[in-house]
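The sequence lines fix the lettering, A, B, ..., with proteins before strands; numbering per chain opens at 1. Computed from heavy atoms alone, side chains included, the values below leave out hydrogens, waters and symmetry copies.
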Protein chains: 2
Amino acid sequence: MDDIDSAIIRHLQRDARLTNRELARLVGVAPSTCLERVRSLRARGVITGYHAAVDPRALGRPLQALIFARLRPLSREVITGFQHYLSQQPEVLSVLVVSGDEDFVIQVAVPTIERLHAFLMDQVSARREVVNFRSSVIYQQTVTQVLAPVDEGRRGDA
Amino acid sequence: MDDIDSAIIRHLQRDARLTNRELARLVGVAPSTCLERVRSLRARGVITGYHAAVDPRALGRPLQALIFARLRPLSREVITGFQHYLSQQPEVLSVLVVSGDEDFVIQVAVPTIERLHAFLMDQVSARREVVNFRSSVIYQQTVTQVLAPVDEGRRGDA
DNA sequence: ATTGAAATAACTCTCAC
DNA sequence: GTGAGAGTTATTTCAAT
């Protein structure tokens with residue numbers, strides 16, 4: 001992971017359809033070198049895939065929300081089962097298992113507030129392992145497009 | 001947005017580097033038709049971009065957390081300012097402005113628990129507009145790779 | 001709106017340096 | 001890490017349906 005690898009990652013996060021030629025030009029190496037670098041990044045698991053991003057609004061899901069849920073008993077089986085169940089629901093964008101006041105944080109995208117309520121009642125509240133939950137409407141969302149390697153400037157490994 | 005568009009979106013979300021030929025074969029239309037469809041989806045803003053996904057662990061950020069923050073005064077200026085500030089921090093993956101008990105939900109990726117603590121103290125707690133906050137370590141995360149158009153089966157628009 | 005084919009253009013990959 | 005060449009593949013256009 002040197003500066004060239006970092007630059008490659010940075011560019012491909014912004015535009016995964018860059019050709020090898022173009023990418024090589026952007027990072028300042030020969031196409032053959034660039035190809036080898038990208039291959040290595042894939043092989044090492046630094047780059048995990050290339051994905052088209054779609055606008056939920058264009059897909060009829062203009063409303064997003066977070067759902068915070070507490071589960072009991074909090075066993076591995078219950079967690080795995082609930083995760084698997086959620087991943088099958090079309091409304092669900094992401095599922096986080098977290099420490100703290102809640103056990104699950106679920107991000108959903110739905111067409112209407114009625115559909116959100118229906119999801120909460122029929123898909124969440126109906127589950128026996130969910131002892132309680134709350135939800136928050138998402139007003140705004142900004143996602144960092146480009147994730148950089150840790151800069152060693154800010155030390156935290158004292 | 002017919003079945004062909006849906007299929008195109010589905011495949012490109014899984015692999016944005018599919019060639020037009022391959023994509024056409026997968027969805028069962030001629031390459032020329034497929035090209036036209038993809039162009040239209042881009043032009044209409046259904047597909048917003050193509051991005052390489054990178055593993056935060058490979059970039060030296062194995063630890064992720066959510067930070068829940070309450071801000072005061074909750075004015076447009078304060079919200080915008082805090083959003084902008086956060087988007088400049090390399091630790092930040094996404095920023096959500098939400099309703100409910102908290103105003104901001106921030107997802108971060110850091111190298112160590114020490115760095116998380118440092119971020120909370122130096123970057124969050126230090127801000128005057130943050131009246132209080134809490135954090136949750138993320139144990140597991142599953143993100144839905146493919147977002148489908150709303151299926152009209154589950155009605156919510158009564 | 002979709003198709004099929006043909007022409008053009010561009011890329012990927014390998015190898016020797 | 002580089003550069004060039006050979007081979008391959010894709011993109012694009014156009015006439016027809």
Side-chain angles (χ1 to χ4, degrees), chain A residues 1-62 111 145-153, chain B residues 1-55 57-60 145-153:
Chain A
M1 282 299 306
D2 58 7
D3 289 346
I4 294 175
D5 282 343
S6 296
I8 288 173
I9 287 169
R10 179 158 38 87
H11 286 294
L12 286 180
Q13 283 183 92
R14 282 198 315 182
D15 182 3
R17 302 207 87 170
L18 283 170
T19 62
N20 186 57
R21 258 170 198 270
E22 183 74 5
L23 182 58
R25 193 184 62 76
L26 287 169
V27 305
V29 296
S32 50
T33 304
C34 188
L35 190 65
E36 172 61 25
R37 293 284 193 141
V38 173
R39 266 191 195 151
S40 173
L41 288 167
R42 281 275 271 176
R44 283 184 283 154
V46 179
I47 295 175
T48 59
Y50 303 97
H51 308 286
V54 301
D55 184 350
R57 289 169 298 187
L59 266 46
R61 305 167 175 272
Q145 291 288 1
V146 175
L147 180 63
V150 278
D151 76 72
E152 297 297 329
Chain B
M1 282 298 308
D2 57 7
D3 289 346
I4 295 174
D5 282 342
S6 295
I8 288 173
I9 287 169
R10 179 158 37 85
H11 286 295
L12 286 181
Q13 284 182 92
R14 281 199 316 180
D15 183 3
R17 301 207 87 169
L18 281 171
T19 64
N20 186 59
R21 260 170 197 267
E22 183 74 6
L23 182 58
R25 193 185 61 76
L26 287 169
V27 304
V29 297
S32 48
T33 305
C34 188
L35 191 66
E36 172 62 24
R37 293 284 194 138
V38 173
R39 264 191 196 152
S40 173
L41 288 168
R42 281 276 270 176
R44 283 183 283 153
V46 179
I47 295 175
T48 59
Y50 303 96
H51 308 287
V54 301
D55 184 349
R57 289 169 299 187
L59 265 47
Q145 291 289 0
V146 176
L147 181 62
V150 278
D151 75 70
E152 297 297 329

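Rounded to whole angstrom, the span from the CG atom of Leu23(B) across to the C1' atom of dT2(C) amounts to 16 Å. To the nearest angstrom, C1' of dT2(D) lies 13 Å from CG of Leu35(A). Put simply, CD on Glu36(A) is 8 Å from P on dG1(D), counting in whole angstrom units. Residue Arg17(A) contributes atom CZ, which lies 14 Å from atom C1' of dA10(C) at whole-angstrom precision. Atoms CD (Glu22(B)) and C1' (dT9(D)) sit 12 Å apart, rounded to a whole Å. Distance Leu18(A) CG to dT12(C) C1': 15 Å, rounded to the nearest Å. To the nearest angstrom, P of dT11(D) lies 14 Å from CZ of Arg42(B). The CG atom of Asp2(B) sits 12 Å away from the C1' atom of dT2(C) (whole-angstrom rounding).
Here Arg21(B) does not reach the OP1 or OP2 of dT8(D): none of its side-chain N or O atoms lies under 4.0 Å away. Put simply, Arg39(B) has a side-chain N or O that comes within less than 4.0 Å of OP1 or OP2 on dT12(D). Within the structure, every side-chain polar atom (N or O) of Arg37(B) is placed at least 4.0 Å from both OP1 and OP2 of dA1(C).
The distance from atom CG of Leu12(A) to atom CG of Leu41(A), rounded to the nearest 0.5 Å, is 8.5 Å. Rounding to the nearest 0.5 angstrom, the gap separating the CZ atom in Arg39(B) from the SG atom in Cys34(B) is 11.5 Å.
Judged by distance alone, with hydrogens and angles left aside, Ser32(B) brings a side-chain donor or acceptor within reach of the base of dG4(C), the pair sitting under 3.5 Å.
Arg37(B) places no side-chain N or O within donor-acceptor distance of the main-chain N or O of Ala24(B), the cut-off being under 3.5 Å.
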Inset, instruction - Go through Asp55(B) and Arg44(A) one step at a time and tell me if the salt bridge (charged side-chain N to carboxylate O under 4.0 Å, His left out) criterion holds. - result: CA-CA 10 Å; Asp55(B) 184 349; Arg44(A) 283 184 283 154; over 6 Å; no

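Summary of the strand contacts: Pro31(B) and Ala30(A) both lie near DNA chain D, and taking for each the nucleotide with the nearest heavy atom, the more 5' one is attributed to Ala30(A).
With dT12(C), dT2(D), dT11(D) as the candidates, the nucleotide lying closest to the side chain of Asn20(B) is dT11(D).
Looking at heavy-atom distances under 4.0 Å, Thr19(B) makes contact with sugar-phosphate atoms alone, never a base.
In this structure, Asp2(B) and Asp5(B) approach most closely via the heavy-atom pair OD1-N, 3.0 Å.
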